[in-house]
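In what follows, chains are A, B, ... by sequence order, proteins preceding strands, each numbered from 1.
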Amino acid sequence: MPIKVYNSLTRKKEEFVPVKEGSVTMYVCGPTVYSLSHIGHARSAVSFDVIYRYLKYRGYKVKYARNYTDVDDKIIKRANEEGADPKELAERYIKEFDDDMEALGIEVPTYRPKATETIKEIIEVTKKLVDNGSAYAVDGDVYYSVRKKKDYGKLSGKNIDDLESGARVEVDERKEDPLDFALWKTSKPGEPFWESPWGPGRPGWHIECSAMCMRWLGETVDIHGGGKDLIFPHHENEIAQSESATGKTPYVKYWLHNGFVNIEKEKMSKSLGNILNIRDVVKDHTSEAVRLFLLSSHYRSPIDYSEDSLREAEAAMERFYKTLQRINAEWPETSGVDVCVQCNEGRFTEILQAMDDDFNTAEVIGNIFKEVGKANRLMDEAKASGKHEGLIEFSYILSMFHEASEFLGIFGRTPEEYFNEKNSRAVLPAGEIERLIIERNDARKNKDFKRADEIRNGLLEKGIVLEDGAKGTTWSVKG
RNA sequence: GGCGGCGUACCCAAGUGGUAAGGGAGCAGUCUGCAAAACUGCCAUUCAGCGGUUCGAAUCCGCUCGCCGCCUCCA
């Protein structure tokens, strides 16, 4: 069964056939590290994390590179404002980004190149472009000449003349064409620089990705990803310079782009002041709830972030782990029993088909929750009939969860792990809560329900929910 | 102006030719001291609107309305 992916280049879903059978090369544009990463970065990271995991799950040997842009105008500007060294500032935010990625349960890519560690290759590619006439040097700057590439604009569906009539392009007298873009920039005094054939300077934005891609993955890669906004000009320019440098077409076989995250129906932007950092989201919600929220829509669709939608995701996550907890308690013999869910055509096949269809995680999640309902129903039936039967079915369901967690990166923990993370947000110390539970249960024994309810309501006001189960009272943090 | 996308219940969201997944909210019931959780039942004769193709359309085509993104640094 082939995997199908939507290719931005052809604007169609295509059968995924990597250049080299059995292995996949994948490059995703990472962050420019000058501030904390926001929920939009999280979406891109989670989307491609799932794609990476799924390709591996399907048996491909995947080389995955995600870069850090650690030299750039914004970094230099921010460093100047803070009176910091640009290099030190970039390193600091790389660390912050890595922490956010870890908090979101994102697997570490095979390679995490930095622009500043790829200068040699950047200069080589630039030199090649100058030598073959695709680029020209002026006063220590090097520009790529868009007119030299006949198919410039093929990814974004634009043509050069339309773009120029748009007149939003800044005119630089030294450029042969307003759309020409910098491969190499002369450094101003005090800015970081590297020696080059054109004098001291630093790389332009687009060239670094081409250089890193070629350095780590080769001249043609299978998948190149990033946010939709990168299609133009960034990825368009990457194609132009890479194909001009290597003479090989295509530079990228499948272009994948994730949709945006809006905040309460508005675009996230600095002017609106509604930038939502990953850090702040993960502080208030479990990481799996955040991932569930992001994966509940297709990766190409826009999604709208709101506190309500995160709460819903958290409620759903809780439903999942409560069910798991119940299976563990009522069917302990299922633990460790592994059923091969892929061995026969079955319900798991539907999940794989959904993933094969352009990574439709939303449908997969729907299927998972169908199984959650089914498991609860079976347990209720067993309880009602007094027959402890159907062990295989529970093992099958648990195995499906486990299997899906490998590529979704959710549904894979133990209930204890999940609730520990969640309950670590409690505003009261656990000991204090336990003490109140004991006090309340004494009251209940003495039929002093007024006092019992007082305690329960008091805790609820602090965000602690009590549940009286067959095995005693448990508490959790309100979602 | 150019290019692209979207419109499915109260909210979120799959489904892209065979008769509407899933989550959340709500209502009723079982359970409970009462709750909570879980389960059961109810909750879109209908997929923005209007035409067309078809035995059959939310799915394909045309038009209309509404919303959004990119074209400038941006995930």
Side-chain angles (χ1 to χ4, degrees), chain A residues 8 11 13 28-32 37-48 72-74 77 153 156-159 161-163 165-170 205 225-234 236 257-262 265-270 275 292-293 296-298 300-304 306 308-309 311-320 322-323 325-326 350 354 357 360-373 375-381 383-384 443-445 447-450 452-453 456-457 460 465-470 473-476 478-479:
Chain A
S8 305
R11 295 178 189 78
K13 257 188 218 172
V28 173
C29 289
T32 299
S37 297
H38 55 66
I39 188 77
H41 294 109
R43 184 176 198 195
S44 179
V46 169
S47 299
F48 290 104
D72 144 285
D73 292 346
K74 293 190 290 292
K77 182 165 175 274
S156 53
K158 299 180 187 311
N159 74 64
D161 299 317
D162 283 349
L163 284 167
S165 61
R168 288 174 80 176
V169 183
E170 256 180 69
W205 175 34
K228 265 194 164 72
D229 54 326
L230 294 179
I231 292 173
F232 188 87
H234 185 54
E236 194 68 74
H257 292 100
N258 65 274
F260 268 42
V261 180
N262 296 321
K265 312 262 190 239
E266 282 186 309
K267 186 181 169 176
M268 199 165 32
S269 76
K270 271 166 213 140
I275 305 277
L292 180 72
F293 162 69
S296 291
S297 313
H298 188 92
R300 280 188 284 114
S301 311
I303 48 174
D304 191 53
S306 67
D308 275 351
S309 53
R311 258 195 296 274
E312 284 174 16
E314 195 141 348
M317 238 24 264
E318 185 143 346
R319 176 169 146 81
F320 176 83
K322 279 259 170 69
T323 302
Q325 206 166 38
R326 190 178 165 199
E350 288 173 32
D357 184 11
N360 192 339
T361 52
E363 194 179 335
V364 172
I365 288 164
N367 281 308
I368 293 291
F369 278 99
K370 254 190 249 178
E371 298 301 330
V372 169
N376 278 121
R377 216 169 304 132
L378 286 172
M379 285 188 281
D380 276 11
E381 281 166 17
K383 206 182 247 173
R444 289 172 71 208
K445 250 176 245 153
K447 307 272 185 214
D448 182 1
F449 297 121
K450 187 165 166 288
D453 290 351
R456 186 170 63 195
N457 291 333
L460 188 60
V465 184
L466 297 190
E467 287 178 25
D468 301 322
T473 302
T474 57
W475 66 272
S476 62
K478 198 175 153 194

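Here the C1' atom of nucleotide B/rC70 and the CG atom of A/Asn262 are 14 Å apart, to the nearest Å. The distance between atom NZ of A/Lys383 and atom C1' of B/rU30, rounded to the nearest whole Å, is 12 Å. As a whole-Å value, the separation of A/Leu460 CG from B/rA37 P is 11 Å. Spacing between atom CG of A/Asp161 and atom P of B/rC3 amounts to 14 Å, rounded to whole angstrom units. Rounding to whole angstrom units, CZ of residue A/Arg300 and P of B/rG4 are separated by 15 Å. As rounded to whole Å, 17 Å separates atom P of B/rG69 from atom CG of A/Leu230. Between the CG atom of A/Asn376 and the P atom of B/rU40 there is a distance of 8 Å, rounded to whole Å. Counting to the nearest Å, the P atom of B/rA75 and the NE2 atom of A/His234 are 10 Å from each other.
Within the 3.5 Å criterion, the main-chain N or O of A/Gly153 finds a donor-acceptor partner in the side chain of A/Glu236. Side chain of A/Arg456 to main chain of A/Leu466: no donor-acceptor pair is present (N/O by atom type, distance under 3.5 Å, no hydrogens or angles). Panel note: side chain A/Ser296, backbone A/Leu292; a donor-acceptor pair is recorded below 3.5 Å. Checking side-chain atoms of A/Asn367 against main-chain N and O of A/Glu363 turns up a donor-acceptor pair under 3.5 Å. The backbone N or O of A/Ser306 lies less than 3.5 Å from a partner atom in the side chain of A/Ser309, making a donor-acceptor pair. A donor-acceptor distance shorter than 3.5 angstrom exists from the side chain of A/Asp304 to the backbone of A/Lys265, with no hydrogens or angles considered.
Using a 4.0 Å heavy-atom cutoff across all strands shown, A/Ser156 reaches sugar-phosphate atoms only and no base atom. No contact: A/Ile231 has no heavy atom under 4.0 Å from any strand. Across all strands shown, A/Met268 has heavy atoms under 4.0 Å from base atoms, whether or not it also approaches the sugar-phosphate. Within the nucleic acid shown, A/Lys158 comes within 4.0 Å of at least one base atom, counting heavy atoms only. Among the protein residues, A/Arg43 comes within range of no part of the nucleic acid, since none of its heavy atoms lies under 4.0 Å from any strand. Residue contacts shown for A/Gly373 are limited to sugar-phosphate atoms, with no base heavy atom under 4.0 Å away.
Between B/rA57 and B/rG51, the distance separating the two C1' atoms is 14 Å to the nearest Å. If you take atom P in B/rC31 and the same atom in B/rG24, they sit 23 Å apart, rounded to whole Å. With both ends at atom P, the span from B/rA48 to B/rA14 equals 14 Å, rounded to whole Å. Spacing of C1' atoms, B/rU46 relative to B/rA58, comes out at 9 Å, to the nearest Å. Of the P atoms belonging to B/rC63 and B/rA25, the separation is 43 Å, rounded to the nearest Å. To the nearest whole angstrom, the two C1' atoms, one in B/rC68 and one in B/rU30, are 46 Å apart. If you take atom C1' in B/rC50 and the same atom in B/rA38, they sit 47 Å apart, rounded to whole Å. Atom P of B/rG62 sits at a distance of 14 Å from the matching atom of B/rC6, rounded to the whole Å.
The A/Arg444 side chain lies nearest to B/rC34 when the options are B/rG2, B/rA75, B/rC34. In this structure, of B/rA37, B/rG33, B/rA75, it is B/rG33 that holds the atom nearest to the side chain of A/Ala452. Side-chain atoms of A/Arg456 lie closest to B/rA35 of the nucleotides B/rA75, B/rA38, B/rA35. In the set B/rC70, B/rA75, B/rC73, the nucleotide with an atom closest to the side chain of A/Phe232 is B/rC70. Proximity note for A/Phe260 (side chain, C-beta onward) versus B/rG33, B/rA75, B/rG24: the nearest is B/rA75. Picking from B/rA75, B/rC34, B/rC39 the nucleotide with the shortest atom distance to the side chain of A/Asp453 gives B/rC34. Nearest to the side chain of A/Asp468, among B/rC39, B/rC34, B/rA37, sits B/rC34. Each of B/rA38, B/rG23, B/rA75 was ranked by its minimum atom distance to the side chain of A/Asp380; first place goes to B/rA38.
OP1 and OP2 of B/rA37 both lie 4.0 Å or more from every side-chain N or O belonging to A/Arg326. Distances shorter than 4.0 Å separate none of the side-chain N or O atoms of A/Arg11 from OP1 or OP2 on B/rG4. Side-chain N/O atoms of A/Lys267 include one lying less than 4.0 angstrom from OP1 or OP2 on B/rC70.
In this structure, A/Thr323 and A/Ala375 approach most closely via the heavy-atom pair CG2-CB, 4.2 Å. In terms of heavy-atom proximity, A/Gly40 sits nearest to A/Val261 at CA-CG2, 4.1 Å.
When both pairing distances are held under 3.5 Å, B/rA9 makes no Watson-Crick or G-U pair with any nucleotide shown. Nucleotide B/rC43 has no partner under the Watson-Crick or G-U criteria, as no pair reaches both atom distances under 3.5 Å. Nucleotide B/rC70 is matched to B/rG2 when pairs are restricted to Watson-Crick or G-U wobble geometry with both distances under 3.5 angstrom. B/rG18 is paired with B/rC55 under the Watson-Crick or G-U wobble criterion, all donor-acceptor distances under 3.5 Å. In this entry B/rU30 has B/rA38 as its Watson-Crick or G-U wobble partner, both defining distances falling under 3.5 Å.
Annotation: cation-pi geometry not satisfied between A/Lys228 and A/Phe260 (NZ/CZ under 6.0 angstrom from ring centroid, within 45° of ring axis).
The pair A/Lys267-A/Asp229 fails the salt-bridge criterion, with no side-chain N (NZ, NE, NH1 or NH2) lying under 4.0 Å from an Asp/Glu carboxylate O. We find that A/Arg311 and A/Glu318 are not joined by a salt bridge, their nearest charged nitrogen and carboxylate oxygen being 4.0 Å or further apart.
No donor-acceptor contact under 3.5 Å links the side chain of A/Asn159 to the base of B/rG2.
Mapping A/Asp229 and A/Lys322 onto RNA chain B by nearest heavy atom places A/Lys322 closer to the 5' end of the strand. Nucleotides of RNA chain B nearest to A/Ala316 and A/Gly469 differ in position, and the one nearer the 5' end is that of A/Ala316.
Ring stacking is absent between A/Phe369 and B/rG22, as the pair misses the limits of under 5.5 Å between centres and under 30 degrees between planes.
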Protein-proximity profile, nucleotides 9-21 of chain B, B/S/- by nucleotide at the 4.0 Å heavy-atom cutoff, equals ---SSSS-----B

